Amino acid sequence: MRWTDILLCKDKRKIKRIYYESFPSKERMPWAMMLFLSMLPTTKFKAIYDDEKLCGFIYFGVLGKHVFVMFFAVDSELRNCGYGSKILSELKERYPKKMIVVTIEPTVNNPLDIRDRRKQFYIRNNFAETGCFIKSFGDLQEILVCGGTFNRKTFSMFLLSYSFFAIWPRYDKKGNFD
């Protein structure tokens with residue numbers, strides 16, 4: 001698989017389509033902001049190819065001991081073909097000494113629901129539940145990690161530093177925020 005920086009990619013329109021199809025509007029960052037932030041050394045926005053075929057993209061932050069995957073999607077026509085697992089495997093190879101963190105919508109205990117299938121995908125790819133939920137920008141997300149033990153304080157420091165103090169996370173063990 002080949003990872004290409006989004007700014008050098010010829011398929012920006014296709015990646016934008018995948019992004020808009022994969023994430024509801026309330027969860028998306030503005031596209032132009034993502035492109036701009038990808039110029040920072042701590043932000044990576046990569047198009048993923050299998051030979052010349054665009055498979056999807058990954059958008060993540062790298063700082064200190066953390067890799068935080070914010071957006072990751074495979075083209076809907078290529079889902080369930082193993083590309084997602086291959087991309088995560090390569091991410092782990094590229095950052096072997098870092099803990100990879102993802103956040104997902106809480107599950108509903110229905111194996112047919114996309115939220116439950118998404119969580120099972122990460123579990124199959126060696127991510128572990130942390131028992132922690134985070135509320136940031138109004139949305140509740142469950143935190144899953146791979147390659148380390150989750151620590152709220154160090155992850156908070158990552159988020160604060162990475163976001164230049166724009167993200168002030170709130171945590172809860174059960175996902176109950178009043």
Side-chain angles (χ1 to χ4, degrees), residues 1-105 114-115 117-128 130 134 136-137 139 141-148 150 155 158-159 161-163 167:
M1 302 200 80
R2 178 172 49 90
W3 292 37
T4 301
D5 189 290
I6 188 71
L7 297 174
L8 304 174
C9 173
K10 66 182 185 315
D11 293 310
K12 284 185 202 65
R13 282 193 177 137
K14 289 180 186 176
I15 293 166
K16 186 176 181 180
R17 176 190 54 80
I18 295 168
Y19 176 61
Y20 276 78
E21 287 175 355
S22 301
F23 297 95
S25 60
K26 68 178 187 156
E27 293 180 14
R28 290 192 301 251
M29 285 176 58
W31 179 256
M33 180 186 289
M34 290 174 67
L35 292 174
F36 176 76
L37 292 174
S38 73
M39 290 186 267
L40 297 173
T42 55
T43 302
K44 313 296 180 198
F45 193 176
K46 304 291 183 178
I48 313 293
Y49 291 88
D50 183 5
D51 291 323
E52 294 304 310
K53 176 174 41 179
L54 176 67
C55 300
F57 73 91
I58 189 165
Y59 181 90
F60 58 99
V62 180
L63 187 64
K65 297 178 182 179
H66 293 88
V67 171
F68 179 38
V69 178
M70 292 168 262
F71 299 103
F72 166 45
V74 172
D75 190 327
S76 60
E77 295 177 14
L78 300 173
R79 289 188 188 140
N80 298 311
C81 297
Y83 286 112
S85 294
K86 288 177 186 175
I87 293 166
L88 285 180
S89 181
E90 189 159 329
L91 181 66
K92 293 174 205 173
E93 288 174 19
R94 288 173 181 245
Y95 300 96
K97 297 188 187 293
K98 297 192 184 290
M99 180 173 56
I100 301 172
V101 179
V102 298
T103 60
I104 60 170
E105 294 172 292
I114 186 69
R115 293 168 286 190
R117 293 194 337 249
R118 186 176 296 120
K119 183 173 183 175
Q120 288 310 308
F121 163 76
Y122 283 111
I123 298 296
R124 280 192 313 275
N125 282 281
N126 299 314
F127 280 77
T130 63
I134 189 170
S136 183
F137 300 110
D139 287 332
Q141 298 279 304
E142 182 177 359
I143 300 169
L144 305 175
V145 298
C146 180
F150 182 75
F155 188 62
F158 165 85
L159 286 175
S161 298
Y162 176 77
S163 70
I167 300 175

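Just so it is clear, the values below take in all heavy atoms, side chains as well, and ignore hydrogens, waters and symmetry mates. From a predicted model like this one, the values you see are computed outputs, not experimental measurements.
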Within-4.5 Å side-chain heavy-atom neighbours: [X] and [Y]:
X    : Y    : result
R118 : E105 : yes
I58  : W3   : yes
L159 : H66  : no

Quiz item: side chain to side chain contact (heavy atoms under 4.5 Å, CB included) between F60 and I100: does it pass, once the steps are laid out?
Solution: CA-CA 10 Å; F60 58 99; I100 301 172; over 6 Å; no

Quiz prompt | Geometric cation-pi criterion K86 and Y83, 6.0 Å radius, 45° cone | solution = yes

Enter the distance from [X]:[atom1] to [Y]:[atom2] here, rounded to the nearest 0.5 Å.
X   : Y    : atom1 : atom2 : value
D50 : C55  : CG    : SG    : 5.0 Å
L8  : K46  : CG    : NZ    : 8.0 Å
Y95 : E90  : OH    : CD    : 10.5 Å
L37 : Y162 : CG    : OH    : 6.0 Å

Could you label the plane-to-plane angle of the [X] and [Y] rings as parallel, tilted or perpendicular, counting under 30° as parallel and over 60° as perpendicular?
X    : Y    : answer
Y19  : W31  : tilted
F155 : F158 : parallel
F45  : Y59  : perpendicular

For [X], does the [atom1] atom sit with more than 12 other heavy atoms under 6.0 Å from it, leaving out its own atoms?
X   : atom1 : result
F36 : CZ    : no
K65 : NZ    : no
K14 : NZ    : no
E77 : CD    : no
K97 : NZ    : no

Exercise. Begin with the C-alpha distance, continue with both residues' side-chain angles, and end with the deciding distance and a verdict on side chain to side chain contact (heavy atoms under 4.5 Å, CB included) for S38 and M34.
Key: CA-CA 6 Å; S38 73; M34 290 174 67; over 6 Å; no

Practice problem: Step by step, work out the side chain to side chain contact (heavy atoms under 4.5 Å, CB included) result for K53 and L78. | Solution: CA-CA 10 Å; K53 176 174 41 179; L78 300 173; 4.0 Å; yes

